[in-house]
Every structure is written in C-alpha cells, then in structure tokens.
Asker: 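Before anything else, here's the structure in question.
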Amino acid sequence: MSLEDELLKQRLCRIREIQALGYRPYGGRFDITHAIPEILAGFGAKTADELVPQVGVRIAGRVMTKRLMGKAGFAHLQQNGERLQIYVKRDAVGERDFELFQILDHGDIVGVEGYLFRTRTGELSVHAEKLEFLSKTLLAMPEKWHGLEDVETRYRQRYLDLIANPEVRKVFVTRARIIASLRRQLESRGFVEVETPMMQPIYGGAAARPFVTHHNTLDIDLYLRIAPELYLKRLVVGGLERVYEINRNFRNEGLSKKNNPEFTMLEFYQAYTDYQGLMDFSAELLEQVCRDVTGSAEVEFEGHKLDFSRFRRYSMREAVMEFWEGPNRPRPEEVCHPDWLLHHSDKLTPGEALTDIFERHAEAKLIQPTIIYDYPVESSPLSKNKPEDPAFVERFEIYAAGMEVGNAYTELNDPQEQRRRFEMQLAMRDRGDEEAHQMDGDYVRALAYGMPPTGGEGIGIDRITMIFTGSRTIRDVILFPLLRPEGPIDLIDRLREYDQP
RNA sequence: GGGCGCGUAGCUCAAUUGGCAGAGCAAGUGACUCUUAAUCACUAGGUUGAAGGUUCGAUUCCUUCCGCGCUCACCA
C-alpha cells in the first residue's frame with residue numbers, strides 16, 4: 001500500500017472521528033465578522049493594550065501550520081492569501097473543541113470564534129473560545145516551506161498552486177485590476193462594452209488558423225473566432241461609435257512563452273479618429289493602467305525599468321535603421337528601395353520583406369514601450385492606405401518587453417477597396433495560404449451602408465499582464481493554460497474502494 | 001512538427017567511475033498550556049515516469065514510448 005493510500009485511509013477515518021465529536025466533516029454556513037486580510041489591515045498595527053477591551057471576532061480559513069503542545073497549541077489559518085495565527089487552549093475552548101483541534105490536519109478548513117490578542121512574541125493572534133469544523137482535506141498539502149515548485153502540477157492543479165504560493169494569487173488579482181482599469185477608462189470616455197459571436201460562420205480580423213466546431217441542428221461548421229474585429233465594426237456602422245469588447249480569441253497555433261491557443265484581447269473602435277489619435281490614446285491608457293497597478297508609471301520587468309510615461313515612436317523603416325544588427329546599417333533611401341528590401345529577405349514582395357527585416361532586427365530590442373507605425377499594405381487587409389503612399393497603411397503596433405502587445409489602425413471604410421482587398425486575400429488562399437482572409441460579404445455590405453472614419457485597436461491582455469506582473473511566460477498569467485490531458489486520476493478508484501455509506 | 005534538457009517517497013531535493021536508494025518537510029505513536037519552518041524520542045513510507053536492451057550488477061549506459069520545460073519552425 002502506498003503512503004498516499006495510507007494517508008487517504010487515515011483521513012477517511014478522521015471524518016468518522018470528527019462526526020463522533022459531533023461536528024459535520026463538510027459543514028455549513030459560518031458567518032465571519034472579518035476576513036483575515038481585514039483583521040491584519042485593521043489591527044496589525046495595534047499594540048496589546050489597544051486590543052483592550054477585547055475585540056471579538058469570528059474568522060475562517062484553511063489550516064496551514066499547526067503546533068500542538070500538550071493541552072494548548074497554535075495554528076495559522078489562511079484566507080485570501082494571508083495568514084492569521086490562532087491560539088487554542090483546552091481551558092479556554094473546552095474538552096470537545098480541543099479534541100477537534102488535536103485531530104486537525106494541514107489543509108482542513110475551520111471557523112474560529114474568539115478575541116484578538118498579542119502573543120508573548122508580539123504576533124497578532126486570535127484567542128480561540130469556540131471552534132467549528134467546515135471542510136475536511138483528504139490529500140496532503142504541498143511542502144510548507146518550499147511550496148509547490150513542479151510547474152506541471154502548478155498548471156494542472158492550479159488550486160494547489162494558489163494555496164501554496166501566495167504570489168500566484170497576486171498575479172491573478174493584478175490581472176483583474178488591469179482589466180478593471182481598462183474598463184473604467186473606456187467607460188469614462190463613453191465606450192460601450194458589447195459581446196459579439198465566439199462561434200462564427202466566417203472567421204476574420206486576423207491572420208491565423210481557426211478551431212472548427214459543428215452545430216448539430218443547423219448542420220453547419222462554425223469557427224471559434226480568431227478576432228472580434230469584423231463584428232465590432234459592423235456595430236460602428238450601426239451607430240455604436242465607441243465600442244469595445246474584452247474577451248477570448250482562439251487561434252489554432254503553436255504554444256510558446258507568448259502564445260496560448262485561447263487568449264484574451266481588448267478590442268475597441270472609436271469613430272471619427274484615426275491611427276494618430278489612437279497612438280495618443282494608447283499611451284494614456286497604458287500609462288494609467290501602470291499607475292493603477294503599480295502606483296507609478298514604471299514597472300520592473302526582467303531587470304529593465306519600463307517607463308510607460310514616455311512611449312517612443314518610430315516608423316517601421318526608422319526602426320529598421322535604428323535597430324539594425326551588424327555592419328552596413330541601411331540609409332533612408334535603402335529602406336525605401338524594393339531592391340534593397342528584397343535583397344535582405346527571402347520574402348516575395350518589398351512590403352513583406354520590410355516586415356520580415358523589422359521582425360528579425362528590431363522586435364526583440366523593443367524593451368521600452370514603443371509604437372511602431374506605417375506598415376506595408378500586404379499584411380494589413382483591413383487598414384486604410386496612407387494617402388501619399390498607397391503601399392503603406394495607417395497602422396501601428398505597440399511593443400514592450402520585446403513583445404507585441406497591441407495593434408491598431410485607421411479602419412478601411414471604403415467598401416469597393418475592401419472588396420478588392422478580400423479578393424487579393426482569396427487569391428493568396430488559392431495559392432495555399434491557410435491564414436488568408438475569407439470573403440465576408442456581409443461585412444462589405446455593412447461598409448456599403450457607410451462606416452464613419454474610425455480608428456480601431458486590439459491590446460493583448462495576457463501579454464500586458466505578463467509585463468505588469470513580471471511573468472516570464474504567458475502560462476503564469478492564464479489560470480488554466482492548455483496542457484496535454486492528464487489521463488485517469490487514480491484518486492477516483494481509491495475513493496470508490498474505500499466508499500462506505 | 002524538429003533540436004536540446006528534465007522526470008528519484010505525498011512535497012522539496014541528494015545519491016562519487018555502473019556497486020546495499022538517502023535527508024528535510026508531510027504522515028503515525030508518545031511527551032509538552034506562548035509556539036511560529038515549534039521542539040524531543042520512536043515508527044512507517046520507493047516498480048527511481050513506462051517498456052525493452054547491455055552488464056555479474058542499472059537511478060546511472062543504449063533504444064522506444066509517455067509527460068513537462070527550453071528552443072526553432074508556425075504564429076503577433
């Protein structure tokens with residue numbers, strides 16, 4: 001019999017002992033007067049004298065440590081990532097509660113009624129007068145000193161990660177604050193939050209391979225969306241002139257430190273502005289997120305201090321010249337010249353070559369928050385051309401920590417030009433490009449009713465969360481990142497074996 | 001999908017050139033009414049990810065498979 005098996009049997013026995021003492025092993029409602037973090041915040045600075053007269057409290061939490069010394073003992077209860085000590089003395093709680101305390105295991109969840117005091121060593125603690133049992137753990141907690149290190153277990157059993165590693169909880173609280181900051185800022189500027197289809201008959205708005213699913217009643221294949229873009233712009237046509245969505249996109253592509261197949265995007269559209277207007281707005285938006293989350297306009301990421309109060313701005317051509325690696329740094333006339341571009345890339349068109357060169361030379365060096373603007377038309381079928389240079393579009397991307405975190409452009413609102421762009425994409429698709437856009441007839445029809453001049457932008461929530469939480473991998477900012485399925489969980493068989501009604 | 005690396009007790013980690021698989025925490029028993037990584041004494045716990053091979057002998061070397069990580073490709 002394995003040790004784990006032995007432990008499970010012991011714990012199942014404990015359930016009967018708990019019942020024999022008159023407690024429910026999986027208890028019910030327990031009204032608390034304070035959450036543990038509230039007690040620490042409200043009373044953490046009070047001296048022993050200031051805790052007189054007695055401050056009565058009812059608290060609840062998970063037993064994380066326990067020190068039993070004959071007829072008294074201490075334990076730390078954890079709630080919402082913070083710990084408070086309780087002192088349980090037989091003379092104070094009575095025989096029955098003390099017997100319960102003696103058989104508590106690490107990981108059990110209990111309620112405690114008592115009063116606040118300071119121990120001889122000065123730690124704020126609850127002097128217990130009554131215990132209630134709330135929930136039994138059947139499995140061993142991770143090691144109390146080192147926590148849970150195994151990355152696979154951390155991702156597969158995130159609940160254990162959250163119990164054992166308080167800093168993990170902070171990452172996800174910060175993620176929620178980032179999203180709240182964005183919502184607050186957008187709402188204050190009159191943006192309306194909407195939800196558009198996740199399941200789409202035609203996928204568009206980005207270049208990516210989709211996931212396919214099937215609807216039985218209609219007997220049609222549907223795609224999980226790769227972007228909400230084309231639906232949000234339909235709404236701008238309909239008069240929702242400031243509109244946004246924060247939701248999941250799905251792309252059937254490889255996994256990496258920066259990519260998870262499902263990820264969260266903010267997309268917003270604002271009528272009557274253009275990409276220049278959005279550059280200023282983006283810088284304000286992200287600086288405010290940084291201030292809301294860190295308290296300043298700077299955040300530390302892998303040894304760099306990223307300053308969100310000063311966005312740098314380069315055109316893509318300027319960036320190639322500025323960040324060129326090696327000798328023969330190109331001159332302005334070279335980065336504009338098709339022959340030079342095609343000579344320095346194996347791509348087939350000057351525009352694709354410029355993008356390729358930019359990605360190879362510059363992208364990883366864009367550590368400080370940076371805006372790169374003016375993209376070649378080839379990779380941007382939904383953006384408006386630059387009037388003075390139709391080979392380029394009014395588009396920019398936001399980089400920070402060497403990652404692309406945002407993408408924005410002046411929206412193409414000419415239906416005739418949009419039809420031509422879609423047909424170019426169809427030609428690329430015929431040549432085998434799976435990621436080329438499909439023709440979206442209804443989207444062109446919507447544009448044909450007239451869409452106001454509009455700027456639109458997408459910001460990768462997971463990636464900015466990485467930056468604002470100092471996370472090296474996207475898996476550390478997604479609660480349940482995609483892993484290969486685990487196979488049968490043998491706990492189920494063992495529970496069945498030991499099941500006694 | 002390619003390359004490289006890792007997988008040892010529930011958890012965190014050791015194990016010399018291929019030579020009896022170990023420690024701390026967690027668990028069990030006992031002592032202890034201000035401890036805090038509680039302490040002290042004793043006890044138990046392993047198909048070294050799986051299968052095969054080389055060898056007198058494999059955690060260690062080889063092959064295949066499984067899982068994870070890094071990286072490249074794909075992709076923002």
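In the text below, chain A, chain B and the rest are named by the order of the sequence lines, each starting its count at 1.
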Asker: When you compare the side chains of Lys9(A) and Tyr498(A), does any donor N or O come within less than 3.5 Å of an acceptor on the partner?
Answerer: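 Side-chain D/A pair, Lys9(A) to Tyr498(A): absent.
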
Asker: Determine whether the side chains of Arg475(A) and Asn260(A) contain a donor N or O and an acceptor N or O closer than 3.5 Å.
Answerer: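 No, because no side-chain N or O of Arg475(A) sits under 3.5 Å from a partner of the opposite role on Asn260(A).
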
Asker: Is Gln85(A) side chain donor-acceptor paired with the U35(B) base, going by distance under 3.5 Å alone?
Answerer: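 By the distance-only test, yes, there is a pair.
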
Asker: Where the side chain of Arg209(A) is concerned, which of C34(B), A27(B), C74(B) is the nearest nucleotide?
Answerer: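 Output: C74(B).
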
Asker: Can you check each nucleotide of nucleotides 66-72 of chain B against protein heavy atoms at under 4.0 Å and return B for base, S for sugar-phosphate only, - for none, in 5' to 3' order?
Answerer: -SSSSS-

Asker: Nearest to the side chain of Phe117(A) - U33(B), C34(B), A38(B)?
Answerer: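 Given the options U33(B), C34(B), A38(B), the side chain of Phe117(A) is closest to C34(B).
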
Asker: For residues 353-365 of chain A, which residue pairs pass the salt bridge (charged side-chain N to carboxylate O under 4.0 Å, His left out) check, not counting sequence neighbours?
Answerer: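 Applying salt bridge (charged side-chain N to carboxylate O under 4.0 Å, His left out) to every pair that reaches into residues 353-365 of chain A, excluding sequence neighbours, yields Glu325(A)-Lys365(A), Asp356(A)-Arg360(A).
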
Asker: When you measure from the side chain of Ala140(A), which nucleotide among A38(B), G10(B), U35(B) comes out closest?
Answerer: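 My answer, after comparing the listed nucleotides, is G10(B).
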
Asker: Between Lys144(A) and A26(B), does any side-chain N or O lie under 4.0 Å from OP1 or OP2?
Answerer: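 Yes, such a contact exists.
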
Asker: How about Phe74(A) and Tyr87(A): are their ring centroids closer than 6.0 Å?
Answerer: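 They qualify: ring centres under 6.0 Å apart.
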
Asker: Could you pick out which residue, Leu148(A) or Ser125(A), lies toward the 5' side of RNA chain B when each is mapped onto its nearest nucleotide?
Answerer: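 Upstream on the strand: Leu148(A).
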
Asker: For residues 97-122 of chain A, which residue pairs pass the salt bridge (charged side-chain N to carboxylate O under 4.0 Å, His left out) check, not counting sequence neighbours?
Answerer: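 Of all non-adjacent pairs touching residues 97-122 of chain A, those that pass salt bridge (charged side-chain N to carboxylate O under 4.0 Å, His left out) are Arg11(A)-Asp105(A), Arg14(A)-Asp105(A), Arg58(A)-Glu113(A), Asp105(A)-Lys136(A), Asp108(A)-Lys136(A).
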
Asker: When you match Trp145(A) and Glu253(A) each to their closest nucleotide on RNA chain B, which lands nearer the 5' end?
Answerer: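 Final value for this comparison: Trp145(A).
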
Asker: Determine whether the aromatic ring centres of residues Tyr203(A) and Tyr223(A) are separated by less than 6.0 angstrom.
Answerer: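 Ring centroids of Tyr223(A) and Tyr203(A) are less than 6.0 Å from each other.
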
Asker: Closest approach to the side chain of Leu7(A), judged atom by atom: which nucleotide of A27(B), C25(B), U33(B) is it?
Answerer: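 Nearest to the side-chain atoms of Leu7(A), counting from C-beta on, is A27(B).
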
Asker: Using a 3.5 Å limit on both pairing distances, list the dot-bracket string of RNA chain B from the 5' end; Watson-Crick and G-U wobble pairs count, crossing pairs take [ ], interstrand pairs take |.
Answerer: (((((((..((((.....[..)))).(((((.......))))).....(((((..]....))))))))))))....

Asker: Filter on ring-ring contact (aromatic ring centres under 6.0 Å, His included), then keep only pairs touching residues 345-366 of chain A, sequence neighbours left out; what's left?
Answerer: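 The answer is Trp324(A)-His361(A), Phe358(A)-Tyr399(A).
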
Asker: How is Thr65(A) classified with respect to the nucleic acid when contacts are heavy atoms under 4.0 Å: base, sugar-phosphate, or nothing?
Answerer: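 Sugar-phosphate only.
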
Asker: May I ask you to say what His106(A) touches in the nucleic acid, namely base, sugar-phosphate or nothing, with a heavy-atom cut-off under 4.0 Å?
Answerer: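 Touches sugar-phosphate only.
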
Asker: Of the options Thr469(A), Thr465(A), Asp462(A), which is the one that meets Arg175(A) in a side chain to side chain donor-acceptor pair (under 3.5 Å)?
Answerer: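 With Arg175(A) as partner, Thr469(A), Thr465(A), Asp462(A) yield a single side chain to side chain donor-acceptor pair (under 3.5 Å), made by Asp462(A).
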
Asker: Base, sugar-phosphate alone, or nothing: which one does Leu139(A) contact when heavy atoms must sit under 4.0 Å apart?
Answerer: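 Nothing, no nucleic acid heavy atom in range.
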
Asker: Compare every heavy atom of Ala400(A) with every heavy atom of Pro369(A), then report the nearest pair and how far apart it is.
Answerer: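 Taking every non-hydrogen atom into account, CA-CB, 4.2 Å.
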
Asker: Which pairs of donor and acceptor atoms, one on a side chain in residues 346-354 of chain A, lie under 3.5 Å apart (sequence neighbours left out)?
Answerer:
from      : atom 1 : to        : atom 2 : distance (Å)
Thr349(A) : OG1    : Glu352(A) : N      : 3.2
Thr349(A) : OG1    : Glu352(A) : OE1    : 2.9
Thr349(A) : OG1    : Glu378(A) : OE2    : 2.9

Asker: Among U33(B), U35(B), A26(B), find the nucleotide with the atom closest to the side chain of Tyr87(A).
Answerer: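 The answer is U33(B).
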
Asker: Where the side chain of Glu149(A) is concerned, which of C75(B), C13(B), C34(B) is the nearest nucleotide?
Answerer: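 The listed nucleotide nearest to Glu149(A)'s side chain is C13(B).
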
Asker: The side chain of Arg11(A) lies closest to which of these nucleotides: A27(B), U12(B), U35(B)?
Answerer: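 Output: A27(B).
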
Asker: Glu6(A) has an atom CD; how far is it from atom C1' of G46(B), in whole Å?
Answerer: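 In whole Å, G46(B) C1' and Glu6(A) CD are 15 Å from each other.
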
Asker: Using only side-chain N and O atoms of Arg67(A), determine if any of them is under 4.0 Å from OP1 or OP2 of U35(B).
Answerer: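 The answer is no; no side-chain N or O of Arg67(A) sits under 4.0 Å from OP1 or OP2.
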
